[in-house]
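First up is the structure itself, then whatever we jot down about it.
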Amino acid sequence: MKSLYCSLFGHQYEVSKNITYHVKEYKCCHCNTQVTTNGKGGLTLLTPKYKEINSVLERIHNRRISRIKQKASNTIEENSVLDFTPHFS
């Protein structure tokens with residue numbers, strides 16, 4: 001019955017997982033079909049090959065984001081130490 005709905009009205013995809021800012025995994029709320037965005041921005045079925053690609057891409061993206069945040073926090077700490085000026089009354 002669920003696939004009948006999708007064949008008549010089309011799939012209703014909801015984001016199930018954010019891989020990066022513009023790569024996401026989607027799941028149909030009626031028939032549980034899973035798709036992901038491909039290199040051209042279209043939707044393709046989520047095969048084991050695409051699952052592996054998405055997991056590697058997510059790991060690389062998370063490392064890059066954590067490195068950027070760490071670098072930003074280090075520069076803030078350095079700037080606060082360097083900006084210290086004693087005040088004499």
Side-chain angles (χ1 to χ4, degrees):
M1 190 66 171
K2 293 179 183 179
S3 61
L4 178 64
Y5 180 87
C6 291
S7 63
L8 291 176
F9 300 109
H11 295 285
Q12 290 183 340
Y13 292 120
E14 296 177 349
V15 176
S16 62
K17 188 174 185 182
N18 291 325
I19 306 299
T20 65
Y21 297 124
H22 41 283
V23 176
K24 295 173 178 40
E25 290 181 0
Y26 300 94
K27 187 176 185 180
C28 179
C29 62
H30 296 288
C31 65
N32 295 327
T33 303
Q34 294 180 335
V35 294
T36 186
T37 52
N38 60 12
K40 295 183 179 182
L43 295 177
T44 57
L45 288 175
L46 190 61
T47 60
K49 177 182 173 182
Y50 280 109
K51 285 183 183 181
E52 184 178 356
I53 291 170
N54 283 351
S55 67
V56 171
L57 187 61
E58 182 180 21
R59 188 171 61 237
I60 291 170
H61 177 73
N62 288 339
R63 280 187 197 163
R64 182 176 292 162
I65 295 300
S66 65
R67 209 176 329 124
I68 289 171
K69 287 181 181 178
Q70 183 180 15
K71 190 182 288 186
S73 67
N74 288 344
T75 57
I76 290 172
E77 290 174 5
E78 290 174 3
N79 288 341
S80 65
V81 171
L82 295 176
D83 289 340
F84 176 75
T85 54
H87 298 285
F88 298 105
S89 2

When rounded to the nearest 0.5 Å, the distance separating CD of Q12 from SG of C6 is 7.5 Å
What distance do E52 atom CD and N54 atom CG have between them, rounded to the nearest 0.5 Å?
10.5 Å
Do you reckon Y5 sits in the same ILVMFWY cluster as L8, going by side-chain contacts under 4.5 Å, direct or chained?
yes
Look at the aromatic rings of H11 and Y13 and report parallel, tilted or perpendicular, splitting at 30° and 60°.
parallel
Give me the one residue out of E58, K27, Q34 that meets side chain to side chain contact (heavy atoms under 4.5 Å, CB included) with K17.
E58
Which value, rounded to the nearest 0.5 Å, describes the distance between K71 atom NZ and S73 atom OG?
11.5 Å
Apply side-chain contact (heavy atoms from CB on, under 4.5 Å) to L46 and Y26, showing your working.
CA-CA 9 Å; L46 190 61; Y26 300 94; over 6 Å; no
If hydrophobic clusters are built from ILVMFWY residues whose side chains come within less than 4.5 Å, do V23 and V15 share one?
no
Let's go through I60 and R63 carefully: what are the C-alpha distance in whole Å and the side-chain angles of both, what is the deciding distance for side-chain contact (heavy atoms from CB on, under 4.5 Å) to 0.1 Å, and is it a yes or a no?
CA-CA 5 Å; I60 291 170; R63 280 187 197 163; 5.7 Å; no
Can you tell me how far the CG atom of N62 sits from the OG1 atom of T20, to the nearest 0.5 Å?
10.0 Å
For the residue pair I19 and E25, what are the closest heavy atoms and their distance?
CD1-OE2, 3.9 Å
T36 side chain to K24 backbone, donor-acceptor under 3.5 Å:
yes
Could you measure the distance from the NE2 atom of H22 to the NE2 atom of H61? Nearest 0.5 Å is fine.
9.0 Å
Should L45 and L43 be regarded as members of a common hydrophobic cluster, given that ILVMFWY residues are connected when their side-chain heavy atoms come within less than 4.5 Å of each other, either directly or indirectly?
yes
